[in-house]
Amino acid sequence: MEVAEILIDGKWQPAEAEASFHAENPATGEVLPIAFPVSRWSDCDRALSAAATAAAQLRNTAPERIASFLEAYANNIESASAAIVAAAHEETALPVSPRLKDVELPRTTNQLRQAAAAAREESWKRATLDTEKNIRSVFAPIGPVVVFGPNNFPFAFNGVSGGDFAAAIAAGNPVIAKAHPLHPNTTRLLAEEARKAAAECGLAAGTVQMIYNISNENGLKLVSDSRVGAIGFTGSRSAGLHLKRAAEETGKPIYLELSSINPVIFLPGALADEGERLARELVDSCLAGAGQFCTSPNLILLWDSPESEHLLADVAKAFSERPSQHLLSSAGQKHIQEGVAALIDAKAKVMTGGAPIDGAGYRYANTLLRATATQFIDQPHALQREVFGNVTMAVTVSDRVELKEILAQLEGNLTGSIYSAKSGADDDIYAAIEPVLRRKVGRLLNDKMPTGVAVSPAMNHGGPFPATSHPGFTSVGIPASLTRFAALQCYDGVREDRLPAILRKAISNPQTWRSIDGAWVRG
């Protein structure tokens, strides 16, 4: 049996494998033909050594060359897009159009080009001068970055092409990408385009490396290795927390995106104004991508009122009528069933759905549950369980006191949305609940659903734990996302000719932060 090769030190080469695996087509359940290796530690060791060598070379590589690589890689992805999209469709069952071809692939190349612009422009390095004390500081590359990509975005969050990858490379670090086992062929095709771009631009051979899969034991060993600078991970809370413990025991910064139920709150005036439109928006948001978005609304909070009952009836009807989409895997279908069963055990009631769908591939009925405020307040942990899929739960409250109490018991989330009356009729309630919700979410939205995450410098795709491991950082939004993979370096009394180029340039730059007469000013 032929087994796909791994990318180590600029070359495709056979893995030293302990086993192999195959991806599946989630639309049919069919096992796909290409075998992929589960690498032994020796493969990780070779990748780490090559990455350490590359990191030393990248420290002396001009930002222009790194930017050129990212742009060349984006161009290569576009040139090979037909094959890449076809592979992703086969491995994920996500629609070719518009999802993969028209939305996710352009987003991926866009963020690579934004990262290139940030690398070239260098303001993310925050060169800072204290002219009185002759102290200078700057953000610099942290060293080899290990990136674990998730199952649900085969391009835009892929370990070898996504936002973590782009940020780590733009900050001047080599990347060791760990492919997700649900789309290994897609990752192989992307890695080849990255390899070609790196060779074309003359980057160190170990700048981009990729392995397909490793044991849990070797994953823990990898993130705690002394040659690693930092880790980026998007995936399940359980796996992420195991990696976090291993990394932090050896002092490695690890940035995790783990879990979020993304509460959406409908205040009374909003439903009175536009209940039917809001029901449609909610359905579209909850069912986008079969609910397999990290920003999918899992919790809906609304007043106990006739307008709310009408909205929930409309949502339940749409859920039951709209065909359910294919899930990413059989494991995903199983986890949804377990999650729904746990919510039912906590006394939530099923309004529609609540069971797997028979037939080819992996699908689950679009599911809407509901509970009361009293039930949620009594069991806040059980009833805010994330169910990663086309499932959401509505909770009705009798007044703002109950709503505030629910919000106070929420874990950290990526997003929180509040819909209110345009007339201002809900403004007093908004003022009462906003401070509570604001502390619980990374991104606060007004009058819009959370599922779109714009690749914008102002975006925060992060939040308090367990949404992420560090509430001060974002995985989307350049240049802010680059600082996760940087170390703050200080030069105290160091002669100007010995400083890094960025600091030498900053000395003559009137826009640099500097201390004058004890005050920090630009210029």
Side-chain angles (χ1 to χ4, degrees), residues 259-272 275 278-279 281-283 285-287 291 295-319 336 339-354 366-420 426 429-430 432-434 436-441 444-445 449-451 466-467:
S259 177
S260 188
I261 60 172
N262 307 299
V264 174
I265 302 165
F266 292 113
L267 298 183
L271 291 186
L278 299 184
E281 282 190 15
L282 180 60
V283 170
S285 183
C286 290
L287 301 186
T295 53
S296 184
N298 274 187
L299 177 65
I300 314 304
L301 298 167
L302 65 176
W303 252 243
D304 188 0
S305 67
E307 291 83 5
S308 295
E309 293 302 323
H310 186 70
L311 178 136
L312 292 177
D314 286 349
V315 172
K317 183 173 185 290
F319 270 35
I336 291 176
V340 170
L343 292 173
I344 293 171
D345 285 346
K347 308 306 179 186
K349 297 186 182 303
V350 175
M351 293 185 68
T352 188
N366 301 326
T367 299
L368 177 65
L369 303 101
R370 69 179 298 175
T372 66
T374 300
Q375 289 171 328
F376 191 98
I377 291 166
D378 286 346
Q379 297 191 79
H381 179 73
L383 287 175
Q384 60 181 304
R385 174 176 180 144
E386 181 188 32
V387 181
F388 192 67
N390 49 333
V391 175
T392 195
M393 185 179 70
V395 174
T396 52
V397 304
S398 60
D399 53 35
R400 74 180 70 181
V401 174
E402 284 189 335
L403 179 56
K404 285 179 68 176
E405 189 167 355
I406 288 172
L407 296 179
Q409 296 194 60
L410 291 181
E411 296 180 327
N413 281 274
L414 294 169
T415 71
S417 306
I418 304 176
Y419 281 80
S420 60
D426 295 321
I429 306 175
Y430 184 95
I433 66 169
E434 189 273 349
V436 185
L437 181 63
R438 177 66 277 182
R439 294 193 297 272
K440 300 289 185 174
V441 301
L444 176 67
L445 300 98
M449 291 293 161
T451 36

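Side-chain N or O atoms of Q379 include none that pairs as donor or acceptor with a backbone N or O of F376 at under 3.5 Å. The backbone N or O of I433 lies less than 3.5 Å from no partner atom in the side chain of K404, so there is not a single donor-acceptor pair.
The line from OG1 of T372 to CD1 of I377 is 8.5 Å long, rounded to the nearest 0.5 Å. Here the OG atom belonging to S417 is positioned 7.5 Å from the CG atom belonging to L444, to the nearest 0.5 angstrom. One distance of note links NZ of K317 with CE of M351; it measures 13.5 Å at 0.5 Å rounding. Note: R370 CZ to Q375 CD = 10.0 Å, rounded to the nearest 0.5 Å. Between the CD1 atom of I265 and the CG atom of L445 there is a distance of 11.0 Å, given to the nearest 0.5 Å.
Using a 4.5 Å cut-off on side-chain heavy atoms (C-beta onward), L299 and Q384 make no contact. Two residues are said to be in side-chain contact when any heavy atoms from C-beta on lie closer than 4.5 Å; N298 and V391 fail this criterion. Between L403 and L267 the shortest side-chain heavy-atom distance falls below 4.5 Å. Side-chain atoms of E434 and L437, non-hydrogen and from C-beta on, never get closer than 4.5 Å to each other. In this structure the side chain of I406 never reaches within 4.5 angstrom of the side chain of P380, judged on heavy atoms. Contact of the T392 side chain with the L369 side chain is not registered, since no non-hydrogen atoms from C-beta on lie closer than 4.5 Å. A 4.5 Å side-chain heavy-atom check between M393 and I300 finds every atom pair outside the cut-off. Within the 4.5 Å cutoff, no side-chain heavy atoms of F266 are placed close to those of D426.
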Notebook entry, point to check: Should L312 and L302 be marked as a side chain to side chain contact (heavy atoms under 4.5 Å, CB included) after you check the CA-CA gap, both sets of side-chain angles, and the distance that decides it?
Noted result: CA-CA 10 Å; L312 292 177; L302 65 176; 4.3 Å; yes
Checklist line | Steps toward side chain to side chain contact (heavy atoms under 4.5 Å, CB included) verdict (V441, L410) | finding: CA-CA 10 Å; V441 301; L410 291 181; over 6 Å; no
Checklist line | From CA spacing to verdict: side chain to side chain contact (heavy atoms under 4.5 Å, CB included), Q409, H381 | finding: CA-CA 8 Å; Q409 296 194 60; H381 179 73; over 6 Å; no
Check: Between F319 and C286, does a side chain to side chain contact (heavy atoms under 4.5 Å, CB included) hold up when you go through it step by step?
Finding: CA-CA 9 Å; F319 270 35; C286 290; 3.8 Å; yes
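Listed here is the closest heavy atom pair of D314 and A279: CB-CB, 3.9 Å. What you find for R385 and L343 is that their closest heavy atoms are CB-CD2, 4.4 Å. A pairwise comparison of heavy atoms in T352 and A316 identifies CG2-O, 3.7 Å as the closest pair. The nearest pair of heavy atoms linking Y419 to M449 is OH-N, 3.1 Å. The two atoms that bring A371 and L383 nearest to each other are CB-CD1, 4.4 Å, heavy atoms only. Nearest heavy-atom pair, S296 versus S285, reported as atom, atom and distance to 0.1 Å: OG-O, 4.0 Å.
Under 4.0 Å is where a charged nitrogen must lie from a carboxylate oxygen, and between E405 and R400 no such pair does.
Judged purely by distance below 3.5 Å, without hydrogens or angles, the side chains of N413 and N262 never pair a donor atom with an acceptor atom. If you check the side chains of T415 and T295, you find no donor sitting under 3.5 Å from an acceptor.
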